[in-house]
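One structure is given below, encoded as structure tokens.
Note that these values count all heavy atoms, side chains included, but never hydrogens, waters or copies made by symmetry. So you know, we letter chains A, B, ... as the sequences are listed, proteins then strands, and number each from 1.
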2 protein chains.
Amino acid sequence: MATQPLTRNQILVLDALTGAEGPLSAYTILDKLRDHGFRAPLQVYRALDKLRELGLVHRLESLNAFVACTQPHDHHTDHGVTAFAICEDCGQVDEMHDAGIEERLSVLAGVRHFKTEKTTIEIRGHCQNCSAAE
Amino acid sequence: MATQPLTRNQILVLDALTGAEGPLSAYTILDKLRDHGFRAPLQVYRALDKLRELGLVHRLESLNAFVACTQPHDHHTDHGVTAFAICEDCGQVDEMHDAGIEERLSVLAGVRHFKTEKTTIEIRGHCQNCSAAE
DNA sequence: TGCCACACGTTATAGCATTACGCAATTGAT
DNA sequence: ATCAATTGCGTAATGCTATAACGTGTGGCA
């Protein structure tokens with residue numbers, strides 16, 4: 001159960017995401033990493049796949065983009081459903097967890113005998129800073 | 001406040017979605033409508049935009065695909081947040097509404113002074129039928 | 001009549017993701 | 001030691017999703 005170390009490519013992609021203000025598309029990451037030898041989209045997608053498996057990176061479906069996980073969790077444990085608040089002005093993403101929502105979702109699924117594999121919750125809107133500055 | 005009639009293109013796209021078993025991609029719709037004179041993606045996307053404005057069609061972000069709204073609601077009123085249960089086996093989509101979830105989401109946003117514009121909730125998994133037939 | 005708004009049609013292009021191929025390094029069992 | 005299986009890597013080509021930028025036609029209305 002030793003946690004395998006990240007490969008060079010995976011570290012580069014993760015660093016790019018961690019250093020960014022907001023979510024990045026795969027092709028934006030590719031451009032940022034050309035100087036480090038990246039030449040093809042697949043290099044990015046492969047690293048992203050692994051990082052997502054490890055819970056270090058999330059994909060934002062409504063944006064076709066990726067963010068580094070910002071929660072202080074132990075990444076080797078499942079930490080339930082994540083909801084994202086995405087600011088349409090500044091691009092900032094806030095990662096949220098809420099037991100109440102999980103509970104309701106679990107009920108909704110249960111009533112229908114639906115086996116949940118993965119849940120996506122994304123809230124688009126305007127963060128406090130950006131809605132203040134109108 | 002008379003509700004404008006749909007155009008020919010909009011009706012064709014809506015019918016395609018209504019007649020389908022599950023969600024359709026824009027390009028799948030395009031192919032289905034070639035016999036009716038459709039030749040370019042934009043014809044589909046423009047109709048979809050309008051239908052979504054009217055609340056007759058939903059976009060599934062995690063699938064890059066579209067479904068006809070199945071709820072018996074009055075479409076001219078906002079009917080809050082919709083959650084989708086999407087079966088990965090048969091493709092069927094179940095549209096759900098839940099006041100409890102809306103409440104929790106509203107609290108999460110409120111605490112952060114985040115102004116919500118649009119909320120996406122999509123649950124991927126296996127429906128009753130498909131998980132029975134294992 | 002002139003203006004405006006809107007739907008439409010066409011071409012081209014941009015943006016996102018995967019398939020398919022082959023090579024190299026690692027691991028682990030025989 | 002060697003073989004097989006696995007895993008990551010690199011490259012090229014392709015496919016899927018969505019929009020930009022044109023121009024046309026029509027209906028309402030001052």
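For the pairing with Val81(A), the side-chain contact (heavy atoms from CB on, under 4.5 Å) check across Thr116(A), Thr120(A), Ile121(A) returns one residue only, Ile121(A).
As a whole-Å value, the separation of Leu42(A) CG from dC16(D) C1' is 16 Å. Between the CG atom of Leu48(A) and the P atom of dG8(D) there is a distance of 14 Å, given to the nearest Å. Between the NZ atom of Lys50(B) and the C1' atom of dA5(C) there is a distance of 11 Å, rounded to whole Å. As a whole-Å value, the separation of Tyr45(B) OH from dT10(C) P is 18 Å. Distance, Arg34(B) CZ to dT10(C) C1': 13 Å, rounded to whole Å. For the pair Leu6(B) CG and dC6(C) C1', the computed distance is 15 Å after rounding to whole Å. If you measure from atom CD of Gln43(A) to atom P of dC21(C), you get 20 Å, rounded to the nearest angstrom. Separating the CG atom of Leu51(A) from the P atom of dG8(D) is a distance of 11 Å, rounded to the nearest angstrom.
Looking at Arg52(A) and Asp49(A), a side-chain N of the basic residue comes within less than 4.0 Å of a carboxylate O on the acidic one, giving a salt bridge. Under the 4.0 Å criterion applied to side-chain N and carboxylate O atoms, Glu102(A) and Arg104(A) are not assigned as salt-bridge partners.
Using a 4.0 Å heavy-atom cutoff across all strands shown, Arg46(A) reaches at least one base atom of the nucleic acid.
Atoms CZ and NZ, from Arg124(B) and Lys118(A) in turn, are 8.5 Å apart once rounded to the nearest 0.5 Å.
The closest side-chain donor-acceptor pair between Glu88(B) and His126(B), if any, does not fall under 3.5 angstrom.
Within residues 12-32 of chain B, no residue is approached by DNA chain C to less than 4.0 Å at the level of any non-hydrogen atom.
Judged by distance alone, the side chain of Glu122(B) and the main-chain N or O of Phe84(B) form no donor-acceptor pair under 3.5 Å.
Across every non-hydrogen atom of Asp89(A) and Cys130(A), the tightest pair is OD2-CB, 3.5 Å.
Of the candidates dA7(C), dT10(C), dC9(D), the closest approach to any side-chain atom of Thr7(B) belongs to dA7(C).
Within the 4.0 Å cut-off from OP1 or OP2 of dA17(C), at least one side-chain nitrogen or oxygen of Asn64(A) is found.
In terms of position along DNA chain D, the nucleotide closest to Arg8(A) lies nearer the 5' end than the nucleotide closest to the other residue of the pair Arg8(A) and Leu63(B).
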